[in-house]
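In what follows, chains are A, B, ... by sequence order, proteins preceding strands, each numbered from 1. Keep in mind it's a predicted model, so treat the numbers as computed, not measured.
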Amino acid sequence: MGFMKKFWAGGSCLIALTLALAFPVFGQMLTADEVVAKMDALLRGETSYMKVKMTMYNPDWSGPRELEMFAYETVKDSRSFIRITEPARERGTGFLKIGYNLWMYMPAAEKVMKIPPSMMRDSWMGSDFSNDDLMHESSIVRDYEHKIINLADHQQGGKVYQVELLPKPNAPVVWGKILVWVWDQGFIPLKEQNFEESGKMVDEMIFSEVREMGGRKLPSKWEMRSMTKPGHKTELLITEVKFDIDINSGIFTEKNLKSKNW
Amino acid sequence: MLAFLKIAWRDLWRHKLRSGLTMCVIMFGAGITLFYYAFTTGAFLGELEYLLKIFPGYLQVHRAGYQMDQTIARAMPLDPRLTAALDRMPGVTAYSPRLCTGTFVQSGGYLANATICGVLPDHEVKTSRVAQTFFPDMIKLPRGTKTNRGYSGKYLSASEPKSVVIGEVLARNLQVKVGDELSLTTQDAYGSMAAINFKISGIFHSCSDKYDSSMMLVNLGALQDFLGMSGQVTQIAIIVKDLNDIPAVEKALYGAIAEGRGPWTVDSLGRGLWMVRPNKPTLPEDSPLQLANQEILDKMLSRIPGLKDFSMEVRTDLALNGATVATLGVDPAREMTVNDAWPKAASGLTGADWVLLDSSIAEKSRLKTGDLVMLTGANYAGEPVKLELKLAGVVAPGGKARAYVPLAVLQDRLWLGENVSQVTIKLPGSSESEARSLIGSRLNYEVVLWRELRSNYMNTTKTSSYSMSFIGAILFVIIGFVFMLTILMSVLERVRQFGIMKAIGTRPSEIFVIILLESAMLGLLGTALGLMLGLIPSLYLIYNPINFYAISEEAGRMMEAQDMPSFIYAKLTARMLLKATLINFCLVLVTTIPPALRASRTKLAQTLRLQ
């Protein structure tokens, strides 16, 4: 479950919100389902806009690489749009997702390309996320069984839920198991670990630098570490977020993908 | 002995017809044997030459590890010393440096997977038939044969950097023609997506389904610029004059690149032992991320001639009761082969919970075998790691490390994946400078021979060569039986003769020798004549190859589409003549033994009384 997936997961947000409204919580103890639903709801809005700086580390490179981008998303009809703004080499590269389809635009070739299934496992722009991470339609709320396996104190007060997520039978998921650590003060995720079916940890995401953004308290730094490739790391810094804004539907079009005015 | 020879000779002439028939059988056997060798060898070599000259070459030079992990991350700088050495290397007729990668290619709404290779046009055209398709005069065709090869447009030229030549099937799939533009999307040196447009200058129909449907060639410089890999190539394909030149060329290539100093530190530990550590220039020398992939390192080491043993290790500092302990993660079965200090008692260690400690540390901490040892440390990200292991034994102080733990445990706990931080190599019997160049050259480069380049093909030829050997074996058995029956008949006809010989005092062993001599004479003569007989079809096929296009247009095209020549030559060597002679002659002698034994056991009284 990568970062993009979180932005772009299907209609799970609605379900999560409905759940949260329909079953108001009394008392202190929450169920695992509620913890995950609240965390998921925090990271998403009905619609969203965000500016992100991505930094990639690879021990074979002479230094880290940076990408800057902005992204629009509407959860309801599962549409999203990403435009890379920096550096010059990648500037203007765009991605458009509508439902299960993903298109890419490369300004150097002035061509829109539909990303074929064989490229889904490839790295997204050299990062530790794959195109599949962007595309994946699974939801941590809907497609997994949740179980609280530990409850600990947080240094700054409040509790940290450690929740184990196991895929439901026939759910369209890649992972065999996910572990998340959620801080009950605002249901902020702290850490997430993804495991293969064999039980081997594949990657780990650390959330930090909680900040007030877009009217919510959110972790602004997301750090993805590969467990199979030592030293490979991708950092996301969210510099700006707006939730529940009106997004012109013209944004999610091939014409806009090819546009030079942005 | 001379008397026996005389008797044997006379025996042969006494029954001219019978001897003549036997000799004819032997002659036929020898002829068939020779032709069998000439034909199968010729077919194999012709097929191999055709296949390798289409594109891969007889051997290739890569950066070490590329053969296992064919990505541009394993490209190498095109070393001018290497090309200079290739220019004057005996046996090498052509070579072509290439930068190849997988790509998506798009035109209009059509999309296809392809391989793109940046090449130096002049070198490529001397190396691969794919490029030579644009110059039909460069490919010699046997007299009377034809080919389905063809092209349109023109070949690459250095003056048009944005031009591309593509296979005919690929062009058809994309619905493009010469002059059209193609968009390529691929991962660049950073793994980032990059796209570029090329204009089609030529379309080749090399007849090989594989290359016609997936190969694109562009100028090397253009692809290097596009991928951000200036001066880099992934392979140098090499054509040699003769298959027999390959070992010498391989050796010379390793020699030419031995001085290349790559991202490794190689230290001598004495007594033929060497310590190799990755030393990537992008990281500090002591970084815990100075790692090498275990599987690929294993393959590199397997190419070092004379390498006896090696042990891959992970190096880290752990702490025991506040004191730092230099620790190695090892596989006991491997480590004991390169580490004299390894205790004999610990040779069979298995499992994931053992630790060996320096005896002085064990004493100081009052630890006994079987005690629980708590070791602490940190992974490369600085996060604490705690290991709880059982003390399995002690090692003498002053060795490579003060503690040894299971390799897999350390890899797992330190998040190192399938990587190691060093390897100890045992390479006895070389001088220090020799060993250094043997190790250095194989860690930085690999020279991959055709067997490995086309391992798929090798597997199919292996099965087909098994079936050819099987056919050969059946052939020999049949020939052998015919020999035996013929000789047996000639013996049975003569029981009376052997009876009389025995009656006048010939010993059974002498009769045995006489019959063997008869066969030997017939065998020699028959084999000699047989070779001449076998030469006729062999020589004919050397000058007039079997032409599949003459059989049918369809058959010829099918051969070419599957990377096989549309014609088969025979090939003759002195070795084959020798082999055919030996096999046939031995077959004659061996099959003579049972009839000769029978003759030598002729029962005197019975055979003579019946008359």
### Query
A:Asp60 versus chain B, heavy atoms under 4.5 Å apart: side chain, backbone, both or neither?
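For A:Asp60, the contact with chain B is made by backbone and side chain together.
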#### Entry: chain B contact via A:Ser127 - which portion, at a heavy-atom distance below 4.5 Å
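The answer is neither part of A:Ser127.
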Is [X] reaching over with its side chain to a backbone N or O of [Y], donor-acceptor style, under 3.5 angstrom?
{"X": "B:Thr103", "Y": "B:Thr185", "answer": "yes"}
{"X": "B:Asn293", "Y": "B:Ile296", "answer": "yes"}
{"X": "A:Thr253", "Y": "A:Gly250", "answer": "yes"}
{"X": "B:Gln106", "Y": "A:Val112", "answer": "yes"}
{"X": "B:Gln411", "Y": "B:Asn419", "answer": "yes"}
{"X": "B:Asp188", "Y": "B:Gly228", "answer": "no"}

### Query
Hey, are B:Gln294 and B:Glu418 close enough side-chain-wise for a donor-acceptor pair under 3.5 Å?
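Distance-only check fails for B:Glu418 and B:Gln294.
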Let's test your reading of the structure: which of [options] forms the most heavy-atom pairs below 4.5 Å with chain A?
{"options": "B:Gln187, B:Glu181, B:Met193, B:Gln290", "result": "B:Met193"}
{"options": "B:Pro288, B:Gly109, B:Ala195", "result": "B:Ala195"}
{"options": "B:Leu289, B:Asn113, B:Leu414", "result": "B:Leu289"}

### Summary
From the list A:Arg225, A:Lys53, A:Met224, A:Glu223, side chain to side chain contact (heavy atoms under 4.5 Å, CB included) partner of A:Glu235 resolves to A:Glu223
### Summary
Checking B:Thr101, B:Asn197, B:Val105 against B:Leu184 for side chain to side chain contact (heavy atoms under 4.5 Å, CB included), the one that qualifies is B:Val105
### Partner set under side-chain contact (heavy atoms from CB on, under 4.5 Å) for A:Lys200, not counting sequence neighbours
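Once residues adjacent in sequence are excluded, the partners of A:Lys200 under the side-chain contact (heavy atoms from CB on, under 4.5 Å) criterion are A:Glu196, A:Ser198, A:Thr228.
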### Task
Report, by ascending residue number, the residues of residues 84-92 of chain A in heavy-atom contact with chain B at a distance under 4.5 Å; give 'none' if the set is empty.
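Those residues of residues 84-92 of chain A which have a heavy atom under 4.5 Å from chain B are A:Arg89, A:Glu90.
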For [X], is it the side chain, the backbone, both, or neither that has a heavy atom closer than 4.5 Å to a heavy atom of chain A?
{"X": "B:Asp412", "value": "neither"}
{"X": "B:Phe226", "value": "backbone"}
{"X": "B:Asn379", "value": "neither"}
{"X": "B:Leu291", "value": "side chain"}
{"X": "B:Tyr380", "value": "side chain"}

### Query
Step by step, would you call A:Ile98 with A:Trp103 a side chain to side chain contact (heavy atoms under 4.5 Å, CB included)?
CA-CA 9 Å; A:Ile98 299 178; A:Trp103 290 269; 4.1 Å; yes
#### Entry: Partner chain B: residue of A:Lys233, A:Met104, A:Lys229 with the largest heavy-atom pair count (under 4.5 Å)
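Between A:Lys233, A:Met104, A:Lys229, the count favours A:Met104.
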